[in-house]
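Worksheet for the structure shown next.
In this chain, numbering begins with 1 at the start of the sequence shown. Note that this is a predicted model, so its numbers are computed, not measured.
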Amino acid sequence: MIEPFIEKLKHGSFISLETTPMHEPTFEPIIEKIAQLGLNTKVDGFSTTDNPLARLKFNALFGALKLQTRFGKPVIATMSMRDRNKVALQSDLLGANEFDLRTILCLTGDPASASDQPAVKGVFEGNSTLLLEIIQCFNAGIDYSGKPFKTQPKPIYPFAVCNAHANTPKNLMKKMATKIEHGAAGIITQPVYSVENAKMLLDLLKDAKTAVHKEQSQAQLILGFFPIVKLRTAQFLAAHVPGIHVPTLWMDKLIKAKKISEEEEKKVGFELSLNAFLELKKVHPKIHMMSANNFELVADLLKY
């Protein structure tokens, strides 16, 4: 299951769907919604987020296991450096390995100060590069201290993230280069809304591989995409989420539509999102769908 997923990422079109576990002791409502909409038949795999904004949610690894078991498709499980030290990170990887959870998204994590829990302290023994290094060790048959395992872990395929936009693109390239150098199989970007942005990121990926002398690396860029059907969503992404550029044209059209009606706002937003999604697929058919669990919207987009 996992290796064909990675091969499809490398050599074919690819689409994954992000899921965000809820503040509940169950993951079933998300699974049932995906099944009801038939989304499992329209994507190559899923991802689970790991307590985004340091807010308490159902565990990402357990959610990934339930998704993978139910639908028989790989799940990129997020692991955050914020909440685990080196022992916990490695222990989780060992347990996940036996259950074939072997696609791992390595994140530094949002600051603990954003949490909804009292007096939370971040662990942060390192940034996401440390987790990439730990996975490199596991793939070599040793733990991070250099101690060999008696049983070789099954191969782990690490994923990383990067911004989609920066005032200094060279900084994005350097971050991509670091992730490639540390073995990332895929780099998922923040949401992209224009072909020009996508082409810039693809050029930066090539430059990053050259910078670390890994031109033959098969690390793939995966364009993040978050459909926008409300002006407030566009404004929030543009103003509060670093590394995203929402085109001015989108803002102008959504402002005009909102003045007419809520229905017109949604219609215009969907048309903008659909057109962008289809154009991005033509340029680079490797896309990670994000929707804050608005799976109905994703299903509508994937009809085309």
inquiry  = To the closest 0.5 Å, what do you measure between CG (L101) and NZ (K154)?
reply    = 9.0 Å
inquiry  = Tell me whether V87 shares a hydrophobic cluster with L93, the cluster being built from Ile, Leu, Val, Met, Phe, Trp, Tyr side chains joined at under 4.5 Å.
reply    = no
inquiry  = Contact between L172 and L201 at the side-chain level, heavy atoms closer than 4.5 Å - yes or no?
reply    = yes
query = With a cut-off of 6.0 Å (strictly less than), are more than 12 heavy atoms of other residues, nucleotides or ligands near NZ of K42?
reply = yes
Carboxylate-amine/guanidinium contact K230 E262, below 4.0 Å = no
ask   = Quick one: does H284's side chain have a donor or acceptor within less than 3.5 Å of a partner on L221's backbone?
value = yes
query = With no hydrogens and no angle check, is any side-chain donor or acceptor of T69 less than 3.5 Å from a backbone partner on L65?
reply = yes
Nearest heavy atoms of P247 and Y193, plus distance in Å = CD-CB, 3.6 Å
inquiry  = Donor-acceptor pair, distance only, cut-off 3.5 Å: does the side chain of D50 make one with the backbone of S80?
reply    = yes
key: K258, NZ: over 12 other non-hydrogen atoms inside 6.0 angstrom   = no
request  = Please indicate whether K266 has more than 12 foreign heavy atoms, meaning atoms of other residues, nucleotides or ligands, lying under 6.0 Å from its NZ.
outcome  = no
Within one Ile-Leu-Val-Met-Phe-Trp-Tyr cluster: L107 and Y144, side-chain cutoff 4.5 Å = no
inquiry  = Just verifying a value: how many Å separate L301 CG and M289 CE, rounded to the nearest 0.5 Å?
reply    = 5.0 Å
Contact check, side chains of I228 and S273, non-hydrogen atoms, under 4.5 Å = yes
key: M81 backbone acceptor or donor facing T108 side chain under 3.5 Å   = no
key: Backbone of V123 reached by a side-chain donor or acceptor of N85 within 3.5 Å   = no
inquiry  = Test your reading of the model: is there a side-chain donor-acceptor pair from N275 to the backbone of E271, 3.5 Å cut-off?
reply    = yes
Under 3.5 Å donor-acceptor, Q90 side chain and D143 backbone = no
key: For M251, side-chain contact (heavy atoms from CB on, under 4.5 Å) partners two or more places apart   = L231, A234, Q235, A238, V246
ask   = Are side-chain heavy atoms of E3 and P155 found at a separation under 4.5 Å?
value = yes
task = Kindly indicate, with the supporting measurements, whether the criterion ring-ring contact (aromatic ring centres under 6.0 Å, His included) is fulfilled by F225 and F277.
result = CA-CA 8 Å; F225 189 75; F277 176 63; 5.7 Å; yes
ask   = Got F295 and N293 here, is their nearest side-chain heavy-atom distance under 4.5 Å?
value = yes
request  = Check step by step if side chain to side chain contact (heavy atoms under 4.5 Å, CB included) holds for K170 and K174.
outcome  = CA-CA 6 Å; K170 188 175 182 180; K174 289 180 179 178; 3.9 Å; yes
key: F99 atom CZ: more than 12 heavy-atom contacts under 6.0 Å   = no
N/O donor to acceptor pairs below 3.5 angstrom from side-chain atoms of residues 8-21, sequence neighbours left out:
from	atom 1	to	atom 2	distance (Å)
K8	NZ	S13	O	2.5
K8	NZ	D44	OD1	3.3
H11	NE2	E7	OE1	3.3
S16	OG	H288	ND1	2.6
T19	OG1	S47	O	2.8

message = Is it the case that the side chain of Q68 and the backbone of D100 share a donor-acceptor pair, with hydrogens and angles ignored and the cut-off at 3.5 Å?
response = yes
task = Check whether more than 12 heavy atoms from other residues, nucleotides or ligands sit under 6.0 Å from atom NZ of K214, and answer yes or no.
result = yes
query = Does K256 have any side-chain hydrogen bond (donor to acceptor under 3.5 Å, both in side chains) partners at least two apart in sequence or in another chain, and if so, which?
reply = none
task = Run the salt-bridge test on E32 and R70 with the 4.0 Å N-O cut-off and return the result as yes or no.
result = yes
ask   = So do the side chains of I187 and K175 get within less than 4.5 Å of each other, counting heavy atoms only?
value = no
key: Flag, side chain of T189 to backbone of C162, donor-acceptor distance under 3.5 Å   = no
ask   = Do other residues, nucleotides or ligands put more than 12 heavy atoms under 6.0 Å from the NZ atom of K286?
value = yes
message = Looking at K282 and E279, is any side-chain nitrogen of the basic one under 4.0 Å from a carboxylate oxygen of the acidic one?
response = yes
ask   = Can you hop from L302 to L297 via hydrophobic side chains spaced under 4.5 Å?
value = yes
ask   = For the hydrophobic clusters of this structure (ILVMFWY residues joined by side-chain heavy atoms under 4.5 Å, transitively), does one cluster hold both L202 and F159?
value = yes
inquiry  = Looking at E98, I want to see if its CD is surrounded by more than 12 non-hydrogen atoms of other residues, nucleotides or ligands under 6.0 Å.
reply    = no
request  = Give me the ring orientation class for F62 and F58: parallel if the planes are under 30° apart, tilted from 30 to 60°, perpendicular past 60°.
outcome  = perpendicular
message = Hydrophobic clustering (ILVMFWY, side-chain heavy atoms < 4.5 Å, transitive) - are V161 and I6 grouped together?
response = yes
query = Can you list the steps and then say if N97 with R102 is a side chain to side chain contact (heavy atoms under 4.5 Å, CB included)?
reply = CA-CA 6 Å; N97 202 260; R102 299 187 285 117; 3.9 Å; yes
request  = Look at the side chain of N51 and the backbone N and O of L56, then say whether any donor-acceptor pair between them is shorter than 3.5 Å.
outcome  = no
ask   = Which of these passes side-chain contact (heavy atoms from CB on, under 4.5 Å) with Y157: N139, I2, I135?
value = I2
query = Which heavy atom in K66 sits nearest to a heavy atom in F27, and how many Å separate them?
reply = CD-CB, 4.0 Å
